[in-house]
Amino acid sequence: MNFKKISRIALFTALAAMPIMAQDAESGAHLKVSLDTVWTLIAAFLVFFMQAGFAMVESGFTRAKNASNIMMKNLMDFSFGSIAFWVVGFGLMFGTSLGGFIGSDSFFLIDGIPGTNDWPFAFFLFQTVFAATAATIVSGAMAERTKFVSYLVYSVIISAVIYPIFGHWAWGSLFGKGKGWLEALGFIDFAGSTVVHSIGGWAALAGAIVLGPRIGKYTADGRAKAIPGHNLPIAALGVFILWFGWFGFNPGSTTAGTNLSIGRIAVTTNMAAAAGAVTAMFFSWMILKKPDPSMALNGVLAGLVAITAPCAAVSPMSAVIIGGIAGILVVASVLFIDKVLKVDDPVGAVSVHGVCGAFGTISAGLFAEASYSGGVNGLLFGGGFNQLGVQLAGAGSAFAWSFGLCLLLFFIIKSTIGLRVKPEEEIQGLDIGEHGLEAYNGFQIFTTEN
Amino acid sequence: MNFKKISRIALFTALAAMPIMAQDAESGAHLKVSLDTVWTLIAAFLVFFMQAGFAMVESGFTRAKNASNIMMKNLMDFSFGSIAFWVVGFGLMFGTSLGGFIGSDSFFLIDGIPGTNDWPFAFFLFQTVFAATAATIVSGAMAERTKFVSYLVYSVIISAVIYPIFGHWAWGSLFGKGKGWLEALGFIDFAGSTVVHSIGGWAALAGAIVLGPRIGKYTADGRAKAIPGHNLPIAALGVFILWFGWFGFNPGSTTAGTNLSIGRIAVTTNMAAAAGAVTAMFFSWMILKKPDPSMALNGVLAGLVAITAPCAAVSPMSAVIIGGIAGILVVASVLFIDKVLKVDDPVGAVSVHGVCGAFGTISAGLFAEASYSGGVNGLLFGGGFNQLGVQLAGAGSAFAWSFGLCLLLFFIIKSTIGLRVKPEEEIQGLDIGEHGLEAYNGFQIFTTEN
Amino acid sequence: MNFKKISRIALFTALAAMPIMAQDAESGAHLKVSLDTVWTLIAAFLVFFMQAGFAMVESGFTRAKNASNIMMKNLMDFSFGSIAFWVVGFGLMFGTSLGGFIGSDSFFLIDGIPGTNDWPFAFFLFQTVFAATAATIVSGAMAERTKFVSYLVYSVIISAVIYPIFGHWAWGSLFGKGKGWLEALGFIDFAGSTVVHSIGGWAALAGAIVLGPRIGKYTADGRAKAIPGHNLPIAALGVFILWFGWFGFNPGSTTAGTNLSIGRIAVTTNMAAAAGAVTAMFFSWMILKKPDPSMALNGVLAGLVAITAPCAAVSPMSAVIIGGIAGILVVASVLFIDKVLKVDDPVGAVSVHGVCGAFGTISAGLFAEASYSGGVNGLLFGGGFNQLGVQLAGAGSAFAWSFGLCLLLFFIIKSTIGLRVKPEEEIQGLDIGEHGLEAYNGFQIFTTEN
């Protein structure tokens, strides 16, 4: 093996890193790129940590007998995803654009990386942790019954191909190598309500449909039964971790600490999350007669997902309204999908990420204000239907792309390597069946059909 | 609804954010405000994450049957608190001062916000997460028996009114709109031993008294019985999270990354926490014959709470002494409150936050050194009794304000909507009674009276 | 007690902090030191948080009956370690060098601290959290049978003496007070594969040997029995926390945010961790017939430990290779130590930190590239055997120093205060025996011999 060649693969880094070294480290230019790099990295670290949050939420809301499997899935989708995104995803997303549809270079971080400093690496890491987020969303909706090997296959495909190509449409220009068709239309999705969350959420919907419900989820006459999660404290911890990480996700999407909208973005993010928790709690209290913790927790996530697109374009007041609507929407959607559509989504991933992601994207067309958004007003601020139309186009194309492609993907997997574990294994739990151990060794746990 | 009007509500943000955009992003002025904003935001994120720490500590130290209720309370006090502080609290605390007693504008983040950049938003977020901390402290002392709806009511009142008004007295000038009466006296409370922790701790004491002890806590002849917590690992995780978050709480209280005391403040914070753990462990070992994990964990928190006021005014050596005393004090106080006062505080919140908060505040009058504190020496460094007197006045007024007002508040709640769940519900657990679910579904758990 | 004297003990801080105050806060020099301080502090906070990760991993991989003891150990080694490192460790490591072998001043942070700003405090905190990491590694290998008081003794000695002296050899010059002998040779250990991890790992090996295996670990005929951990979700959470914290550990080791290699270091760190997870999973799948979560989790840590030395000197591609090899190595090593050497290391600490630390250190001699490393090429990039020889010398001397000294230390402890709890206590669990409580009160847990 020629290691000299491998060296060249990352050659740009040397070219990129060196010139700045010679500069005065106290110059304004050096300090600016340093601060932008520091900010982008810290934001990336926070978004990375969201993987722990997803793992905790997903396992907390499902049964003890599958907890190890869920940890394994979350760990491995990030690990495979990091490598796949480096090999191919980043290039498809941010490489030189072919007609606004797909990137065509920068694979393995080689060739044509713009800039003469280290910020591109920080940007790359930030994008890597985003890609892994899209993939991990899917695992929640398909929890407790999916074959582990099939999970690995589709999660890699999502991180490496499905997510990055759509990402190119909306964000391709961020690396300076040509514009995606959606952003050319003026699509607003600041931090990824659509690009990350809806793409993940609609993939999750496709997966849950193809997979079918868990054994015991629906009675013979079609009535939905609740299958309670096994560990509410870790689910809540997971939501706190996600909220914490979202402060990297949204404000970090400036990828620049010298962009002075970061303070306002952090505030809109927090207000929407808080409002989502409040409305989801009250709405669940009204409908279910008690303030339901799992609904309140999902309300937080709903608010966060919804504000992700418009976070930089709206006022704190609008953020409260957007988050508040999302909190109600997520409760209604969870109940609708569970009881009317009869699609079994154990953690509510489709409602949180798909539905609220679409709503948040559309909300940017309603609530955007020129003073924040760089000139665009939404419908409610006198901007007419223009931006709203673009937002609908973006949300709609995400649904078509992700749901359509993933439906196909899951059918192919189902009819080749298989998508679902055997019924005996599902009843016994995937921890033993797929991984040969128990999550809570020594504890007395009742493992019934559900 | 007139959305144009809502827009105006946050108009200042546009006015604030725009001018700087035109500036050279590589200028010293722009870089300074950027770095200050980045630092303040990251500190705010860390303090936000303390909510997860409080949730874990409180649930870990109490029983499994109430764990969901505790998650819900911690989630909702932050969510309601964020909104209440935005609506009214921030204005009462930092608005134009009426005679040093109360702020009078800046509600909903409108009008008269000084500055022409984005740092005010970062400052607002930092203050929001502080307000929520004060409120969440109370929940620990009142755990396992408080009605959920009553909890919501009083936690909003604390975040929105009780905390901010006292905060105005001590910190009102931080936003440049007039000075509080305590700070006019020269009161030192850098990061809130009194403002945040004692206010929370004395409110907690009032709550625990009005509420009365948990069923089974005291025998017929008045002997205190231990009611062990259900999950020490998550309690310990919570303490680690709180320690981690405190690095935002204390050094972040410069609200400026260009303030070069942040390094020293981080060191004094860490030393005091470490010393508190060590002395609490040894003291519990002496008294209880074994090194008690819950005492050692509370020792960390005691050290952190105590150093919060003097963190910027003392040397690392003094920090070790302050933290070490706090570690002993918290053990003594927990035992005294439990066995002598017979007030049932399930997690030791009154001792940690009230008692050690007051001690830490007073310690600034003993250990302050002019070279750190900007000119003030404490009693032990030749400053005489002057500063000590001011510190005692601050600590005393916090007790009078918070304990007095909260006693009234809890009596009003008790005699209207009621403060306590029914005995049957308390025995069965609040998770089922208040929220209709169990925290650990599928696990065999023994739910006895305690 | 003369408090004036105590004041002088930290006098340098006043000298250090004051001059910069007078400077223009918007100057390039002030902004540079501010950004470096902010970065170093945030990195230190992240590394601090790794303590929570270690606590979760270690307790998750062991039995419920010892979970409180493990929390206590992790809490107290950090607390004692913080104080011991301040008293003596920092001075031995970074004080004025005596012949490259040992530092000789700067105890208690007094005298001769270079610089006129606050960065030294940030640097001190960063080094403190590193020292505590080395100590905490040991606790995993000695879990479930070590006397608590003996644990305190040896963990202080490691933080205060064994770690810092070796640290002086490799990193002594970082504080500008003379060079260690290993760094004079050109030893590359950027963030401590050897200095932190191998030192900890070989101490752990010595401890596990002297202590002997847990009761029931080996059958009468010498066959190793698996003793499964009690809580895989918290073990996984711990690994996520460690991965998160490692973004402080490695990129933070620049101790300067204006050093523009931080982006690339973060990327190499992430790639190696991901690759380690992937190869460990596949290798365990091959050997054990199922993809084993505990092996995959250890694969992450293996990749992280291995990349810690070469993270700043290699390309992302090389990082993938290094992490990938470490993932295989850790699985092989865990099985070898368990089944062939018959040393009982409950969490695999020796394999992760000792073996992969040594491998990572050596890998810098293979994969270093001049463009990243500041001029040094490894064997595979045309640099010949030179650097490789130095790396082997460093890894070898760490083994000799730490394993040798700790063997002696543990024998001394064993023959004086004793190293191991009584068999009855081991069977019942250390939580009750050492600390008088249970970790999971109210849960039905089966406490058998294993």
Side-chain angles (χ1 to χ4, degrees), chain A residues 28-29 31-32 35 38-39 42 46 63-64 228-233 236-237 239-241 243-244 247 251 257-258 260-264 266-267 270-271 273-275 277-278 281 288-294 296-297 300 315-318 320 367 369 371-372 380-382 443-447, chain B residues 3-4 6-7 9-10 13-14 17-18 20-21 25-28 30-31 33-35 37-38 41-42 44-45 48-49 51-52 55-56 59 67-68 71-72 75-76 78-80 82-83 86 108-109 117-122 124-125 128 148 234 434-444:
Chain A
L31 288 167
K32 181 187 178 303
L35 182 54
V38 164
W39 173 252
I42 292 170
L46 289 171
R63 287 165 293 180
H230 84 283
N231 197 330
L232 200 104
L237 175 62
V239 168
F240 279 117
I241 291 174
W243 194 334
F244 178 53
F247 286 121
T258 55
L260 282 178
S261 55
I262 54 177
R264 185 167 43 80
V267 169
N270 191 60
M271 301 306 284
V278 168
M281 186 197 75
L288 308 170
K289 309 303 169 208
K290 301 218 171 179
D292 184 72
S294 63
L297 292 167
V300 170
S315 70
M317 174 68 85
S318 295
V320 170
F367 292 92
E369 295 178 56
S371 50
Y372 310 126
L380 299 171
F381 291 91
F443 285 86
Q444 169 76 60
I445 295 171
F446 304 107
T447 308
Chain B
F3 279 89
K4 275 289 183 196
I6 289 171
S7 164
I9 285 173
T13 65
M18 287 299 105
I20 204 76
M21 295 298 181
E26 298 176 4
S27 74
H30 185 92
L31 288 167
V33 76
S34 299
L35 182 54
T37 304
V38 164
L41 284 177
I42 292 170
F45 305 162
F48 163 79
F49 195 42
Q51 294 291 326
M56 294 297 119
S59 78
S68 299
M71 293 299 134
M72 223 14 204
L75 186 79
M76 297 317 300
F78 184 79
S79 298
F80 278 96
S82 286
I83 292 177
W86 166 65
F108 289 96
L109 284 179
N117 55 59
D118 216 46
W119 176 86
F121 280 108
F124 168 73
L125 188 69
T128 300
F148 182 66
I234 67 169
E434 298 289 274
H435 307 291
L437 50 68
E438 289 174 280
Y440 299 98
N441 202 270
F443 285 87
Q444 169 76 61

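Note that the coordinates shown come from a computational prediction; the quantities given were computed from them, not determined experimentally. Residue numbers start from 1 in every chain, and the chains themselves are labelled A, B, ... in the order their sequence lines are given, proteins ahead of strands. Scope of the values below: all heavy atoms of this structure, side chains included, with no hydrogens, waters or symmetry mates.
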To the nearest 0.5 Å, atom OG of A/Ser294 lies from atom CG of B/Leu437 at 6.5 Å
When rounded to the nearest 0.5 angstrom, what is the spacing between CE in B/Met72 and CG in A/Leu232?
9.0 Å
For the candidates A/Ala236, A/Gly257, A/Pro233, A/Gly229, which exhibits the highest count of non-hydrogen atom pairs separated by less than 4.5 Å from chain B?
A/Pro233
Can any side-chain N or O of B/His435 pair as donor or acceptor with the backbone N or O of A/Pro291 at less than 3.5 Å?
yes
Distance col, row A/Leu35:CG vs B/Ser34:OG, nearest 0.5 angstrom, shows 6.0 Å
With only heavy atoms counted, which part of A/Leu288 is less than 4.5 Å from chain B, the side chain, the backbone, both or neither?
neither
Separation between CD1 (B/Ile42) and CD1 (A/Ile42), nearest 0.5 Å, reads 3.5 Å
Should the ring pair A/Phe244 and B/Phe48 be called parallel, tilted or perpendicular, given that the plane angle runs from 0 to 90° and is split at 30 and 60?
parallel
Does the side chain of B/Phe121 come within less than 4.5 Å of A/Pro316's, by heavy atoms?
yes
Geometric class of the A/Trp243/B/Phe78 ring pair [parallel <30°, tilted 30-60°, perpendicular >60°]
perpendicular
Give the intermediate values and the outcome of side-chain contact (heavy atoms from CB on, under 4.5 Å) for residues A/Ile445 and B/Gln444.
CA-CA 6 Å; A/Ile445 295 171; B/Gln444 169 76 61; over 6 Å; no
Just to verify, what does A/Ala277 make a side-chain contact (heavy atoms from CB on, under 4.5 Å) with, not counting sequence neighbours?
A/Val300, B/Met76, B/Ser79
Contact between B/Tyr440 and A/Asn231 at the side-chain level, heavy atoms closer than 4.5 Å - yes or no?
yes
Please look at A/Asp292 and chain B and tell me whether the side chain, the backbone, both or neither of the residue comes under 4.5 angstrom of a heavy atom of that chain.
both
Working for side-chain contact (heavy atoms from CB on, under 4.5 Å), residues B/Trp119 and A/Leu260
CA-CA 8 Å; B/Trp119 176 86; A/Leu260 282 178; over 6 Å; no
Among B/Leu125, B/Ile83, B/Leu75, the residue with the most heavy-atom pairs under 4.5 Å to chain A is B/Leu75
Starting at OG1 of B/Thr37, measure out to CZ of A/Arg264 and round the result to the nearest 0.5 Å.
12.5 Å
Under 3.5 Å: donor-acceptor pair, side chain of B/His30, backbone of A/Thr258
yes
If you count heavy-atom pairs within less than 4.5 Å of chain A, which of B/Ser68, B/Gly436, B/Ala67, B/Ala122 leads?
B/Ser68
According to ring-ring contact (aromatic ring centres under 6.0 Å, His included), who are the partners of A/Phe240, at least two apart in sequence or on a separate chain?
none
Between A/Phe247 and B/Leu41, is any pair of side-chain heavy atoms under 4.5 Å apart?
no
If you count heavy-atom pairs within less than 4.5 Å of chain B, which of A/Val239, A/Ile262, A/Leu46, A/Val38 leads?
A/Ile262
What part of A/Val320 is in contact with chain B, defined as an atom under 4.5 angstrom from a non-hydrogen atom: side chain, backbone, both or neither?
side chain
Could you check which of B/Phe443, B/Phe124, B/Phe148 has the highest count of heavy-atom pairs closer than 4.5 Å to chain A?
B/Phe443
Side chain, backbone, both or neither: which part of B/Ala55 has a non-hydrogen atom closer than 4.5 Å to chain A?
side chain
Where does B/Ile234 contact chain A at under 4.5 Å (heavy atoms): side chain, backbone, both or neither?
side chain
